[in-house]
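In what follows, chains carry the letters A, B, and so on, assigned in the order in which the sequence lines appear, proteins first and then strands, with residues in each chain numbered from 1.
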There are 2 protein chains.
Amino acid sequence: MGGEQEVSELGAELRTAIARIYRRFRSERAAGELGEAALSVLISLHKQGTLTLTELSDLDRVTAGSMSQTITRLATDGLIQRRRDTADGRRMLIELTPEGERIAIAARAHQHTWMNARLAEFSDDERAVLREAAALMRRVADD
Amino acid sequence: MGGEQEVSELGAELRTAIARIYRRFRSERAAGELGEAALSVLISLHKQGTLTLTELSDLDRVTAGSMSQTITRLATDGLIQRRRDTADGRRMLIELTPEGERIAIAARAHQHTWMNARLAEFSDDERAVLREAAALMRRVADD
DNA sequence: TATTGTTATACTCTATAACTATA
DNA sequence: TATAGTTATAGAGTATAACAATA
């Protein structure tokens, strides 16, 4: 057990399961709702407060160029504000507007409604497995 | 235990962990490699053989229009072939070309190299948790 | 020189809606 | 009428590369 072949199979299973459930999340998204990338930024700002562009792009593992474009969209929609860091003129300090804060909270709540309905059908043991797995996946994702 | 609040937290944790590890997969992808959607189609065809467009779009939970475009890209690249179903002239039968078969196998192997390296560092118990969790996530994804 | 951020360009992936062809 | 598939259009999300401003 725990041999080469078995570990390899687990990698395949896990990779496939994650891709499928992620696509399922995406397909559950209603028209007009924010996309994954935009929402992720709002939630990071909601949890951690003011962040720079580099911090945001590191958090989501995208390039600074990609994140700059996501941020521009959010600013256009009035959900975030940018201001220069007076202590370091290269940095932009990014924070939620009141409307962005409202959307972040609402989106996060709505986002989990579907998931929670399904988790409620699992046993306590199964939920415990998923809770542990979430922590392990975080470890993998964060290196 | 298993109360309303705890289940809700688990939904949030799991949702976030899945989004993060999925983005990590994407960021590990080398330039020139196939994207997630295209690769998913190749792997479905590799596992299940000839499929119709509707079957493929159902598998990945995308619209027929989206899948048609993905298929067109793959056909242009010479990785899949389309032919009319003689028994039902509306249907297109989609299958891998030899080159597509080669790419599907190679991509799948390469895709898991990084994941397997990380899984090898986990304990047998932790891998067991992830294996169980993969099955549970499949259940959620597949409804 | 190094870091921070923006912009231009291009590609993948997706949806919706209008369409054709077949059943 | 219903189903299978395509195409046009639009938008999100991403990368790379060239760039400007600041440290």
Side-chain angles (χ1 to χ4, degrees), chain A residues 19-20 22-42 44 50-77 79-95 107, chain B residues 19-20 22-42 44 50-77 79-95 107:
Chain A
R20 285 182 71 83
Y22 181 87
R23 277 196 293 261
R24 182 62 193 268
F25 290 159
R26 194 170 47 196
S27 76
E28 292 295 324
R29 199 172 68 217
E33 275 184 291
L34 286 172
E36 295 290 333
L39 193 50
S40 173
V41 168
L42 292 193
S44 293
T50 302
L51 294 169
T52 66
L53 186 130
T54 297
E55 286 168 341
L56 283 169
S57 53
D58 286 349
L59 279 172
D60 284 349
R61 293 187 182 272
V62 297
T63 63
S66 295
M67 184 53 74
S68 184
Q69 296 164 66
T70 298
I71 288 301
T72 298
R73 281 198 307 273
L74 287 169
T76 302
D77 293 345
L79 303 182
I80 60 104
Q81 267 185 329
R82 276 180 285 206
R83 63 173 209 274
R84 287 235 165 267
D85 184 344
T86 52
D88 182 342
R90 296 171 302 182
R91 289 195 171 85
M92 296 296 295
L93 301 177
I94 299 157
E95 54 197 0
Chain B
R20 284 182 71 83
Y22 182 88
R23 277 196 293 262
R24 181 61 191 270
F25 290 158
R26 193 169 49 195
S27 77
E28 290 296 325
R29 198 171 70 217
E33 276 184 290
L34 285 173
E36 295 290 334
L39 193 49
S40 173
V41 168
L42 292 193
S44 293
T50 302
L51 293 170
T52 66
L53 186 129
T54 297
E55 286 167 341
L56 283 169
S57 53
D58 286 348
L59 279 172
D60 284 350
R61 292 185 183 274
V62 296
T63 63
S66 295
M67 185 53 74
S68 184
Q69 295 163 67
T70 298
I71 289 301
T72 298
R73 280 198 306 275
L74 288 168
T76 302
D77 294 345
L79 304 182
I80 60 104
Q81 267 185 329
R82 276 179 286 205
R83 62 173 207 275
R84 285 235 167 266
D85 185 345
T86 52
D88 182 343
R90 295 171 302 180
R91 288 196 170 86
M92 297 296 296
L93 300 176
I94 300 158
E95 56 198 357

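Put simply, A/S66 has a side-chain N or O that comes within less than 4.0 Å of OP1 or OP2 on D/dA15. Contact between the side-chain N/O atoms of A/R91 and the OP1/OP2 oxygens of C/dG5 is not found at any separation under 4.0 Å. Phosphate proximity of C/dT6 to A/S68: present, with a side-chain N or O under 4.0 Å from OP1 or OP2. In this model, the phosphate group of D/dG13 is not approached by any side-chain N or O of A/T70 to a distance below 4.0 Å at OP1 or OP2. Under 4.0 angstrom from either OP1 or OP2 of D/dT3 there lies no side-chain N or O belonging to B/R90.
The side chain of A/R26 approaches C/dT14 more closely than any other nucleotide in the set C/dT7, D/dA23, C/dT14. Comparing atom distances between the B/R73 side chain and each of C/dT12, C/dA15, C/dT6 picks out C/dT12 as nearest.
Base engagement by A/G65 is indicated by at least one non-hydrogen atom pair under 4.0 Å involving a base atom. Backbone-only contact: B/A37 has heavy atoms under 4.0 Å from sugar-phosphate atoms and none from a base. Using a 4.0 Å heavy-atom distance criterion, A/T72 is classed as making no nucleic acid contact. Using a 4.0 Å heavy-atom cutoff across all strands shown, B/R82 reaches sugar-phosphate atoms only and no base atom. Here A/E36 lies in heavy-atom contact (under 4.0 Å) with sugar-phosphate atoms only. B/T54 comes within contact range of the sugar-phosphate backbone alone, with a heavy-atom separation under 4.0 Å but no base atom that close.
Checked by distance alone, B/Q69 brings a side-chain donor or acceptor within 3.5 Å of a matching partner on the base of C/dA15.
Regarding A/M92, its CE atom lies at a distance of 13 Å from the P atom of D/dA23, rounded to whole Å. Computed from coordinates, the B/M67 CE to C/dT16 C1' distance equals 17 Å when rounded to whole Å. What separates OH of A/Y22 from C1' of D/dA12 is a distance of 11 Å, to the nearest Å. Rounded to a whole Å, the CG atom of B/L56 is 19 Å from the P atom of D/dT3. Following rounding to the nearest Å, A/L93 (CG) and C/dT4 (P) show an atom-to-atom distance of 13 Å. Here D/dT14 presents its C1' atom at 15 Å from CD of B/E28, a figure rounded to the nearest Å. If you measure from atom CG of B/D85 to atom P of D/dT3, you get 17 Å, rounded to the nearest angstrom. Rounded to whole Å, the distance from CZ on A/R61 to P on D/dT14 is 13 Å.
Considering CD1 of A/I80 and CD1 of A/I71, their distance stands at 4.5 Å, rounded to 0.5 Å. To the nearest 0.5 Å, atom CG of residue B/L59 and atom OG of residue B/S40 are 7.5 Å apart.
Between A/R83 and A/E95 there is a salt bridge, since a side-chain N of the basic residue sits under 4.0 Å from a carboxylate O of the acidic one. Salt bridge annotation for A/E36-B/R23: absent, with no cationic side-chain nitrogen under 4.0 angstrom from a carboxylate oxygen.
A donor-acceptor contact closer than 3.5 angstrom links the side chains of A/T63 and A/S66.
When the nearest nucleotides of DNA chain D are assigned to B/L53 and A/T63 by heavy-atom distance, the more 5′-ward of the two goes with B/L53. Along DNA chain D, the nucleotide nearest A/D88 and the nucleotide nearest A/L39 are compared for position; the residue whose nucleotide lies closer to the 5' end is A/L39.
Looking only at distances, no side-chain donor or acceptor of A/D77 sits under 3.5 Å from a matching main-chain atom of A/L79.
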